[in-house]
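Within every chain, numbering begins at 1; the chains are lettered A, B, ... in the order of the sequence lines, protein sequences first and strands thereafter. Only this structure's heavy atoms are used, side chains among them; waters, hydrogens and symmetry mates stay out. All values reported here derive from a predicted model rather than from experimental measurement.
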There are 2 protein chains.
Amino acid sequence: MKTTITDVAKQAGVSMKTVSRVLNSEPNVAKATRERVLEAAAELQYRPNLAARGLASSRSYLIALLYDNPNPNYIIQIQRGAIEACRRHGYHLLLEPMTREQASGPDVGSLLSRLGVDGVILTPPLSDSIPLRREMEALGLRYVAIAPGDVGTVPTVRMDDVKAATEMVTYLIEQGHRDIGFIIGHPDHIASSKRQDGFEAAMRTAGLTLDESRIIQGDFKFRSGVKAAETLLKDSANRPTAIFASNDDMAAGVVSVAGRLGIDVPSELSVCGFDNTAIAQIIWPKLTTVAQPILQMGRKAAEVLLDRSQNDDPVVHTLDFEILVRESTGKPK
Amino acid sequence: MKTTITDVAKQAGVSMKTVSRVLNSEPNVAKATRERVLEAAAELQYRPNLAARGLASSRSYLIALLYDNPNPNYIIQIQRGAIEACRRHGYHLLLEPMTREQASGPDVGSLLSRLGVDGVILTPPLSDSIPLRREMEALGLRYVAIAPGDVGTVPTVRMDDVKAATEMVTYLIEQGHRDIGFIIGHPDHIASSKRQDGFEAAMRTAGLTLDESRIIQGDFKFRSGVKAAETLLKDSANRPTAIFASNDDMAAGVVSVAGRLGIDVPSELSVCGFDNTAIAQIIWPKLTTVAQPILQMGRKAAEVLLDRSQNDDPVVHTLDFEILVRESTGKPK
DNA sequence: TTGTATGCGTTATCAC
DNA sequence: GTGATAACGCATACAA
């Protein structure tokens with residue numbers, strides 16, 4: 001037999017309402033009573049029933065994570081962060097994977113309202129789905145967008161790609177590099193232009209010229225990194241001493257070309273990436289890269305939802321990234 | 001105002017019990033009535049309240065996924081599979097990440113019973129935690145273990161590593177390879193010895209001798225693949241025409257060494273891995289590898305939990321893997 | 001084939 | 001500061 005709140009009340013010699021008060025840390029309970037109740041609850045190993053609580057309070061103690069993201073590591077970290085925050089608030093995280101099409105389709109509202117969740121976290125690229133956001137607003141659902149393209153119209157948690165790229169390039173310059181190659185990401189991704197902006201800003205700030213032949217278009221894939229590196233490194237008499245790729249996959253491609261050409265990394269060529277994905281640590285030398293605060297964004301998003309004290313203004317929370325200096329970068333010869 | 005089951009009943013001109021019957025697809029409802037109810041429900045956009053339903057039926061419509069796994073892709077796929085099955089049954093998946101220590105600790109029971117979930121999925125390495133399993137049994141919680149080390153004492157979903165390795169090597173032999181190198185995985189992992197067993201079985205079946213110098217100990221890491229390849233490939237006059245690494249990271253290491261040594265993959269050296277992790281598709285040439293039925297295992301695990309028709313015998317469900325032939329293997333010269 | 005009455009375990013209301 | 005009692009929305013027995 002499961003112990004209920006009435007069992008605890010009996011054991012403590014009070015009414016169930018008082019027990020409820022204690023367990024929800026409401027005011028107006030005498031200290032002695034409170035302690036007696038707590039003791040009784042512990043003794044009986046009382047666990048509140050989520051369903052009953054939800055029914056009575058018309059809250060579900062659940063928040064939903066909506067995602068359609070091909071990057072498992074990203075999602076897993078968002079989850080971890082969100083779960084961490086949820087646990088602190090007595091909440092649980094519900095997973096709702098869906099395609100972009102579904103998210104913009106007619107059934108989302110039905111799905112979401114059926115869930116009866118108390119809040120929703122949107123992850124990219126769903127963060128940018130206007131139909132989805134409309135639906136949420138129509139349903140009166142509180143939500144937070146992680147890293148949306150347009151900042152300012154909705155409660156947001158994000159990081160600053162421009163600044164991160166700037167700092168990475170500044171680090172290379174401080175190491176003594178003057179001739180730095182850059183590989184642009186996929187042209188459809190908002191992050192690509194931001195990272196390029198950061199690169200160019202840092203170069204300009206340092207008074208270095210932007211040589212167009214040093215800037216190659218890529219598409220975030222390993223092979224495009226390979227191709228870009230083949231171009232950048234083909235002339236052994238005139239090649240950059242460092243290459244900054246807009247993500248780790250492309251940086252790994254650069255490292256592999258360097259290996260094939262007999263160019264030592266990092267003594268003859270520094271290479272750095274972006275995102276700190278698995279490959280950055282798998283290959284050797286391990287990549288210097290930018291670690292996004294992914295877990296922290298997940299945690300912050302949940303906190304914004306759960307801290308009822310926070311209002312629902314479209315506040316933008318910008319979290320700090322980290323530059324991870326590993327074995328693939330160093331001073332030029 | 002939210003529409004409840006009584007609203008629907010009123011609208012359809014029946015009792016709430018009949019509505020309940022229809023919505024739970026219970027028998028003994030006239031077709032006409034059923035349709036009338038369905039119509040009314042649709043019209044009113046009725047969504048059953050999870051909490052109320054749970055409270056009344058003393059089921060939570062929730063199953064929990066317990067995990068402590070460093071591999072994001074693995075967990076994400078298990079999740080996807082489990083969610084798929086859950087959706088079909090009107091269930092939802094709750095995430096419970098925890099460390100091995102926590103899983104064996106005293107608080108798990110409290111955590112799990114507080115949740116009131118209807119079932120639990122255990123993923124490796126938690127599948128092997130005896131204290132955890134004991135706790136579940138003590139609590140009367142139904143559970144399924146994914147890929148536990150010991151098969152037979154608990155409801156299990158898994159795949160056959162030995163068979164997969166055997167088939168991979170058989171494929172290489174069919175391609176014409178006779179001299180095949182093998183890189184063993186981390187000695188602490190159960191999968192390592194199974195994969196080695198499969199390799200050796202296939203070689204023996206084909207009547208090929210097992211040359212010990214062709215079998216190198218690795219540890220599942222990229223670098224150990226690099227080292228093993230350096231050993232296997234150092235003598236250009238006497239080297240294997242194919243190398244089978246026990247996982248993709250090590251296989252990627254082999255490919256990178258081949259590139260450095262000017263050995264073309266696959267025309268001069270076939271390379272294959274195991275697990276179909278991200279790196280297998282990121283690098284070039286893409287790796288021939290074994291795809292575990294990870295998503296399917298997640299789905300099956302949830303199904304075993306949710307199909308009440310299935311009894312709780314420690315049935316072992318062994319799912320099919322897939323050999324993915326990509327660009328890193330071919331016929332020897 | 002359908003309906004009525006009751007209870008699930010908690011929070012909310014309002015009185016004391 | 002504390003308690004009785006009524007919701008909350010649904011499923012379950014048991015009738016009819």
Taking only residues two or more places apart in sequence or in another chain, which ones pass ring-ring contact (aromatic ring centres under 6.0 Å, His included) with B/Y61? B/Y91
So, does A/S15 get its side chain near the phosphate of D/dG3, meaning an N or O under 4.0 Å from OP1 or OP2? yes
Residues which pass salt bridge (charged side-chain N to carboxylate O under 4.0 Å, His left out) with B/D7, listed by chain and number, not counting sequence neighbours: none
Could you encode protein contacts along nucleotides 11-16 of chain D as a string, one character per nucleotide from 5' to 3', using B for base contact, S for sugar-phosphate-only contact and - for no contact, with a heavy-atom cut-off of under 4.0 Å? BBB---
What is the separation between atom CG on B/L55 and atom P on D/dC8, rounded to the nearest whole Å? 14 Å
Rounded to whole angstrom units, what separation is found between the CG atom of A/D7 and the C1' atom of C/dC8? 13 Å
Partner set under salt bridge (charged side-chain N to carboxylate O under 4.0 Å, His left out) for B/D160, not counting sequence neighbours: none
Describe, as an angle rounded to 10 degrees, how the axis at the first end of the helix from C/dT1-D/dA16 to C/dC16-D/dG1 is tilted relative to the axis at the last end, five pairs per end. 30°
Stepwise salt bridge (charged side-chain N to carboxylate O under 4.0 Å, His left out) check, A/D68 with A/R100: CA-CA 7 Å; A/D68 164 30; A/R100 234 157 311 186; 3.2 Å; yes
side-chain hydrogen bond (donor to acceptor under 3.5 Å, both in side chains) between A/Q292 and A/N276: does it pass, once the steps are laid out? CA-CA 8 Å; A/Q292 292 196 47; A/N276 192 30; over 6 Å; no
Evaluate the criterion side-chain contact (heavy atoms from CB on, under 4.5 Å) for residue pair A/L94 and B/L93; output intermediate values, then yes/no. CA-CA 6 Å; A/L94 228 51; B/L93 187 71; over 6 Å; no
Output every pair passing side-chain hydrogen bond (donor to acceptor under 3.5 Å, both in side chains) with a member in residues 16-30 of chain A, not counting sequence neighbours, ordered by first then second residue. A/S15-A/T18, A/S20-A/N24
With B/I294, which of B/R299, B/Q79, B/M159, B/Q77 fulfils side-chain contact (heavy atoms from CB on, under 4.5 Å)? B/Q77
By the 4.0 Å heavy-atom rule, please label B/T33 as base, sugar-phosphate, or nothing. sugar-phosphate
Length of the NZ-P vector between A/K10 and D/dT2, whole Å: 20 Å
Taking the minimum atom-to-atom distance to the side chain of A/N49, which one of C/dT2, C/dG9, D/dC10 wins? C/dG9
Over all strands shown, is B/S58 touching base, sugar-phosphate only, or nothing at heavy-atom distances under 4.0 angstrom? nothing
